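Working notes, beginning with the structure itself.
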Amino acid sequence: MSPDSFAAITAQIETYFDALYHADSTRLRAIFHPNLAYVCATTGDEMALDLETYLARVDKRVPPAETGDARDDRILEISVGANIAQVKASMTLMQRDYLDYLTFVKHDGRWCIVAKVFEYVPRKD
């Protein structure tokens, strides 16, 4: 894994966390591949969406940053190949604990998320 690729992917993940916390679809669009596969694997809430449908949902959210929602996001694991990468991440927002598997590819010379597969459980306070 090249240090440059690791740094670029880490920066994209930090943008991802921040954009979700602020419900910023513009910033999310900048880090997602145009053919994003968004897949929720939570039992009873399974779904698969494309990029535009997902971003429209983000636009309808009240940003967790505005509600004072606690923010807890972490990169748990990063695996990087020449042109693909996998990131395992966790985050807490909107009263849920999420586990995300994010697949990156190089697209137009930059790393972007082509698949977001995740599950969640209600937050246990």
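Small disclaimer: the values here were computed from a predicted structure and weren't measured.
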Non-neighbouring partners of [X] that pass side chain to side chain contact (heavy atoms under 4.5 Å, CB included), sequence neighbours left out:
X	result
N35	H33
N83	K106
R61	L20, A23, Y54, V58, M94
T42	C40, D45, E119, Y120

For [X], check salt bridge (Lys or Arg N to Asp or Glu O under 4.0 Å) against everything at least two apart and list the hits.
X	result
D73	R71
R27	D18
E52	R29
D97	none

Checking H22 now: which residues fulfil ring pair (Phe, Tyr, Trp, His ring centres under 6.0 Å) with it, not counting sequence neighbours? none
Results of side chain to side chain donor-acceptor pair (under 3.5 Å) for E66 - residues two or more places apart only: none
Taking only residues two or more places apart in sequence, or in another chain, which ones meet D100 in a side chain to side chain donor-acceptor pair (under 3.5 Å)? Y16
salt_bridge(R123, D69) N-O dist < 4.0 Å: yes
Qualifying salt bridge (charged side-chain N to carboxylate O under 4.0 Å, His left out) pairs, either residue in residues 76-91, two or more places apart: none
Between Y38 and V117, is there a side-chain heavy-atom distance shorter than 4.5 Å? no
